Amino acid sequence: MAFIWKKLKRRTHKVGLVLSGGGLRGIGHLGAIKALEEHGLKPSIVSGCSAGAIIGAFYAAGHSVDKMLHIVQENDLFPATSFRLRASGFIDTRFLARLFQQYVPANTFESLKLPLYVAATNLLSGKTEYFYTGPLGEALLASSSIPLMFPAVRRNKGVYYDGGILDNLPVQPLLGQCDLLVGVHVNAPDTVSPEQLTPIKTLDRITHLAISQSVLHNAKKCDLFIEPPDMLQFGMFGKKELMRIYEYVYAYTADQLAKR
């Protein structure tokens with residue numbers, strides 16, 4: 001079911017958290033959450049897309065930051081057996097579905113301990129849709145299905161791809177529901193030198209420049225916006241950098257909160 005926006009008459013949550021996409025850079029969201037909690041800002045409602053939707057779902061299910069770091073470190077997020085040559089996408093997402101089933105076995109939004117909204121792009125309508133009820137795993141796959149890499153997810157009459165295509169910082173579902181709205185963006189496209197533009201980094205930069213305008217627009221709606229600089233120094237799929245990403249975003253967020 002797609003979320004239909006209705007302006008609420010009163011705020012019901014102290015802290016709302018919006019998490020962007022970003023591949024494995026999304027691990028940085030764990031650092032941001034850790035710093036927020038240490039400063040007494042524990043989110044009670046979450047919205048996210050792509051990697052941010054996955055982190056948000058595990059958090060909404062009750063997993064701590066330390067537990068989620070353990071899960072990421074103990075699991076091969078892109079096993080060799082998941083790669084295939086097909087027109088619909090060269091990564092088989094069944095390994096992600098198994099991961100969701102293992103750690104969120106009830107597999108529904110209703111089973112989560114916190115409300116969660118998941119953004120996905122409906123390829124047919126050309127619009128962002130926000131899921132918040134029903135099967136969870138299906139919505140997470142839809143939100144994180146990077147075109148050409150992952151197959152599209154067909155749900156009801158829609159064909160869905162990565163939510164970050166149109167809305168990489170999905171604040172809309174939380175507007176009016178929170179006393180404090182916090183947005184975290186882990187894909188800041190900083191200035192680079194020509195020597196840094198390898199083919200992979202060029203594609204990465206083009207992608208994030210294309211989606212940055214919607215992020216800038218939505219960031220203005222946040223009471224607190226966390227955007228660590230130079231995040232493109234980290235690859236989207238390099239697992240060896242996970243702890244560096246986590247520690248980098250944690251330190252940046254803690255510093256920003258200390259200045260408030």
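Every heavy atom of this structure was used, including side-chain atoms; hydrogens, water molecules and symmetry mates were not. Keep in mind the model is a prediction, meaning the values are calculated, not measured.
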Y250-L17 co-clustered via ILVMFWY side chain contacts under 4.5 Å: no

Minimum heavy-atom distance between [X] and [Y], given as atom pair plus value:
X: F234; Y: Y248; result: CE1-CD2, 3.8 Å
X: D162; Y: S50; result: OD2-OG, 2.9 Å
X: A35; Y: A254; result: CB-N, 3.8 Å
X: G26; Y: I55; result: O-CG1, 3.8 Å
X: C178; Y: I45; result: SG-CG2, 3.8 Å
X: P105; Y: Q102; result: CD-O, 4.1 Å

Roughly how far, to the nearest 0.5 Å, is the [atom2] atom of [Y] from the [atom1] atom of [X]?
X: R155; Y: N122; atom1: CZ; atom2: CG; value: 11.5 Å
X: L257; Y: K259; atom1: CG; atom2: NZ; value: 11.0 Å
X: L174; Y: L181; atom1: CG; atom2: CG; value: 6.0 Å
X: Y160; Y: L124; atom1: OH; atom2: CG; value: 8.0 Å
X: N168; Y: T128; atom1: CG; atom2: OG1; value: 10.0 Å
X: L166; Y: T121; atom1: CG; atom2: OG1; value: 4.5 Å

Please verify the inter-ring angle class for F58 with H63; under 30° counts as parallel, over 60° as perpendicular, anything in between as tilted.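 The arrangement is tilted - the two ring planes meet at 30° to 60°.
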
Whether H185 and F225 hold their rings parallel, tilted or perpendicular, with breakpoints at 30° and 60°: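 Plane angle under 30°, so parallel.
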
Donor-acceptor pair, [X] side chain versus [Y] backbone, under 3.5 Å?
X: D167; Y: S214; result: no
X: N107; Y: P135; result: no
X: R25; Y: M231; result: yes
X: N156; Y: G158; result: no
X: S145; Y: P151; result: yes
X: E129; Y: A119; result: no
X: S144; Y: A51; result: no
X: S47; Y: P170; result: yes
X: N218; Y: L169; result: yes

Under the ring pair (Phe, Tyr, Trp, His ring centres under 6.0 Å) criterion, do Y117 and Y132 qualify, and how do the steps go? CA-CA 5 Å; Y117 297 88; Y132 66 105; 5.7 Å; yes

Given M68, E241, K34, the one that forms side chain to side chain contact (heavy atoms under 4.5 Å, CB included) with Y246: K34

Side chains of [X] and [Y] in contact at under 4.5 Å (non-hydrogen atoms):
X: L99; Y: I54; result: no
X: L140; Y: L96; result: no
X: I71; Y: K67; result: yes
X: V215; Y: S20; result: no
X: L36; Y: L224; result: yes
X: H29; Y: Y59; result: no
X: L136; Y: F100; result: no
X: E110; Y: T133; result: yes

H217 NE2: over 12 foreign heavy atoms closer than 6.0 Å: no

